[in-house]
Amino acid sequence: MRGTMMDFPLTLPTILERAGKIFPRVEIVSRRPDKSVVRTSYGEFYRRARRLASALTKLGMQPGDRVASMMWNHSGHLEAFFGVPCGGGILHTLNLRLHPHEIAAIVKHARDRFLLIDDVLLPAYEKFCDGAYFEKVIVVPYGCNTVSEGFLNYEHLLADAGDDFRYPPIDENDGAAMCFTSGTTGFSKGVIYSHRALVLHSFACGLAEVFGMGLFDTVLPVAPMFHANAWGLPYACTMLGSRLILPGPNVDPESILDLMASERVTIACGVPTVWIGVLDALEKNPGRWKFDSPIRVVCGGTAPPLGLIRQLDPFGLQIKHLWGMTETTPIGTSGGLREHMRDWPDEKKYEVRAKQGWPAPFVEIRLMRPEGEAPWDGVTSGEIEIRGPWVVASYHDSPDQAHRWSPDGWFRTGDVATMDEDGYVKIVDRAKDLVKSGGEWISSVDLENSLMGHPAVKEACVVGIPHPKWQERPLAAIVLKDGTSATAEELRTFLAKTFAKWQLPDAFVFIDAIPRTSVGKFKKLALREQFADWKWE
Ligand code: AMP
C-alpha cells in the first residue's frame, strides 16, 4: 500500500515565496567594491527576484536555458540564484578567476544564452568575449552605476518588469543551477543541480551537525557564489530565514574581520587559506576585533590543519570541518565532537575536529580498494565512493567521464580516506597527491598538518617529486610567518616527533607564497612542475 501523502514538488519557487512572506524584514547586507554597505531585505529581494524571472522570460528565456552569471557575492547575485531558476532557467555561475580561454570553453560547453555580469567585471568579459557568444549581456550596476552602450541594464529590465509574474511549471528534477568543477583534477566538468537537490541540501545545512544555522544566525559566505554555490548557503539562508552578509570582492583578512565584527556574524564559511590569513591578522593586531560570542567558521575545500583550529579557538573563531565537492552540492561530511567525547583531553578533541567528520543524512560513503570495501577501522584507507540525493549522477554532456561512476552507480571521488567505527572520515589525500616512496604511500596532508603546527610556519605544502631510487620523495614548500625563522633541519626534527624517518620530507624549500587555484586551494600541480627536476642529494 502506498502512503497517503501529497506528491509535492521540492522546487525553489516555494522557498522564494516563503521568504517573501515569512521573512520580509530579515536583512541582506552587501558590500560594494568601495566597501560601502547596502542593506536590503528578503521582502525586497523577493520582489526583485520575481521581476528578474519575468524580465528574462520576456527576453525569451525558455525552460532549461542556461543563463551565466559573472558576479561577486552580493544581493544582485542572490536575485539571480532565484530569479533564473524560478523562471525555468538554469543559473550557470562562472568562475571569474579562471583563464579567459577556459571561461570561453566552459561557456560554449554549457551553451549559455545570456550573461548577467557586474559592471566592475566587464574588463574580464572583454578578455573572453571573442571566444564566447551570448545573445544578451545584462550588466548589473554594482560598482559605478553606469552601463555602457551595447549592453542591457539590469536595473532598467527590473524596473520595466511587472509584479504579476507567474511561475512556469517546474519538475523537481529539472536543473536549477550549474557549476563547473574547479579543475583540480584536469579539465572542468559541468554539474547541474536539480531543484530537488538544492532544496534537500538546504534542509541539511540547517542541521546542527552541518552548519547548524537558522533564524538567529547571521551568515557570511566568504566562499565565492561561483564555488559550489557558496556551499549552498544562499539557498539555505533564504529557506531558513538567516540574515545574510555578502562581502563583495574584498575578501582580504582585515576586510573579513571588519565585517564579522561590525555585522555580528555568527557563521562564516571559506577555504583554509582564508582563515590562515585571518589568523595572521588577528595575531598581528591584538584586541583590534572583538566578537560578542564565538563564531562558527565552517571550513573545507582542503583540510584545515589542526594547528589552525587550535590557534583560532582563543580568538573565538571555532573551525568546523566540512568535506565535499562541486559534485556533491557540496556537503558530503561535516565534523565536530560527539557527546561521548565531552571529557576527552584537549589534544584528542583537536584530533577529532581535524577529521572531516561523518556523512550527512542521506549521504552514503564507502571506501573502495582493489580487493573490495575497506573496513571502518580508522586505519585501512580506500577511495571514497559516495551516493545520495544531492550527489552528481552524470556530468553535463561528457560521455567520456562514465568511468567516474562505479558499475552500481556510486560516484568515485578520487579522495583517499580512512573511516573509523563512529563513521568519521579522515582524508589521507587526493589519490594523485599521495607520495609514492618505494612501495609505500606517504600522506602529504598529514605532513602539511604537522608542519603548520610549527610556530614559525604560516603555510606548508608537500608534494611528491620524482626520485631516481624511490620513485618519488616528499618535498615541503614552506612559507614562514613574518619576523620568524626556521631551518630545514629544525623542521625535520620537529616532524620526527610524529613521523617515521622514511616519511620525512627530504627537501624543504622556503618560498614567499604557495601558488593557489582559482578557489584559493594550494596548487600542488604547479609546485610539482616547478620542482620536477629537483636534484636530490
Ligand atoms: P571542489 O569541487 O573544488 O570543491 O573540490 C573538491 C575536492 O576538494 C575534494 O574532492 C577534496 O579533494 C577537497 N576537499 C574538500 N573539502 C575538503 C576537506 N575538508 N578536507 C580535505 N580535502 C577537502
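Atoms within a ligand are numbered from 1 in the order they appear, just like the ligands themselves.
Residue-ligand proximity, Leu322 to ligand 1, at heavy-atom distances under 4.0 Å covers atoms 16 (N), 18 (C), 19 (N). Listed by number with element, the atoms of ligand 1 under 4.0 Å from a non-hydrogen atom of Met325 are 2 (O), 4 (O), 6 (C), 9 (C), 10 (O). Taking a cut-off of under 4.0 Å to the non-hydrogen atoms of Lys521, the atoms of ligand 1 that pass are 1 (P), 3 (O), 4 (O), 5 (O), 6 (C), 7 (C), 8 (O), 13 (C). Atoms of ligand 1 found under 4.0 Å from any heavy atom of His321 (numbered from 1 in listed order, with element): 18 (C), 19 (N), 20 (N).
Between the side chain of His396 and the backbone N or O of Ile192, no donor-acceptor pair lies under 3.5 Å. Side-chain atoms of Arg473 never come within 3.5 Å of backbone atoms of Val435 as a donor-acceptor pair (strictly under, hydrogens ignored).
Considering backbone and side-chain atoms together, Ala303 places an N or O closer than 3.5 Å to an N or O of ligand 1. Ligand 1 has no nitrogen or oxygen under 3.5 angstrom from a nitrogen or oxygen of Ile427. Backbone and side-chain nitrogen or oxygen atoms of Thr413 are examined, and none is located within less than 3.5 angstrom of a nitrogen or oxygen of ligand 1.
In this structure, His74 has its ring center under 6.0 Å from that of Tyr142. A centroid separation of less than 6.0 Å is found between the aromatic rings of His109 and Phe180.
Contact check on Asp217 versus Arg296 returns no salt bridge, with no Lys/Arg side-chain nitrogen under 4.0 Å from an Asp/Glu carboxylate oxygen. Using a cut-off of 4.0 Å between Lys/Arg side-chain N and Asp/Glu carboxylate O, Asp446 and Lys426 are scored as salt-bridged.
Counting heavy atoms under 4.0 Å from ligand 1, residue Thr326 touches it through both backbone and side chain. Contacts with ligand 1 closer than 4.0 Å are made by no heavy atom of Val445, backbone or side chain. Heavy atoms of Gln356 found under 4.0 angstrom from ligand 1 belong exclusively to the side chain.
The shortest separation from a heavy atom of Ala228 to ligand 1 is not under 4.0 Å, leaving the residue out of contact. Residue Pro330 places no heavy atom under 4.0 Å from ligand 1. Within the 4.0 Å heavy-atom cutoff, Thr181 does not count among the residues contacting ligand 1.
Within the structure, salt bridge (Lys or Arg N to Asp or Glu O under 4.0 Å) pairs that include any residue of residues 66-77 do not occur (at least two apart or interchain).
Between Cys179 and His227, the closest side-chain pair of non-hydrogen atoms is not below 4.5 Å.
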Could you list the donor-acceptor pairs under 3.5 angstrom formed by side chains in residues 314-324, with sequence neighbours left out?
{"from": "Lys320", "atom 1": "NZ", "to": "Glu209", "atom 2": "O", "distance (Å)": "3.0"}
{"from": "Lys320", "atom 1": "NZ", "to": "Gly335", "atom 2": "O", "distance (Å)": "2.5"}
{"from": "His321", "atom 1": "ND1", "to": "Ala354", "atom 2": "O", "distance (Å)": "3.3"}
{"from": "His321", "atom 1": "ND1", "to": "Lys355", "atom 2": "O", "distance (Å)": "3.0"}
{"from": "His321", "atom 1": "NE2", "to": "Gln356", "atom 2": "NE2", "distance (Å)": "3.4"}
{"from": "Trp323", "atom 1": "NE1", "to": "Asp415", "atom 2": "OD2", "distance (Å)": "2.9"}

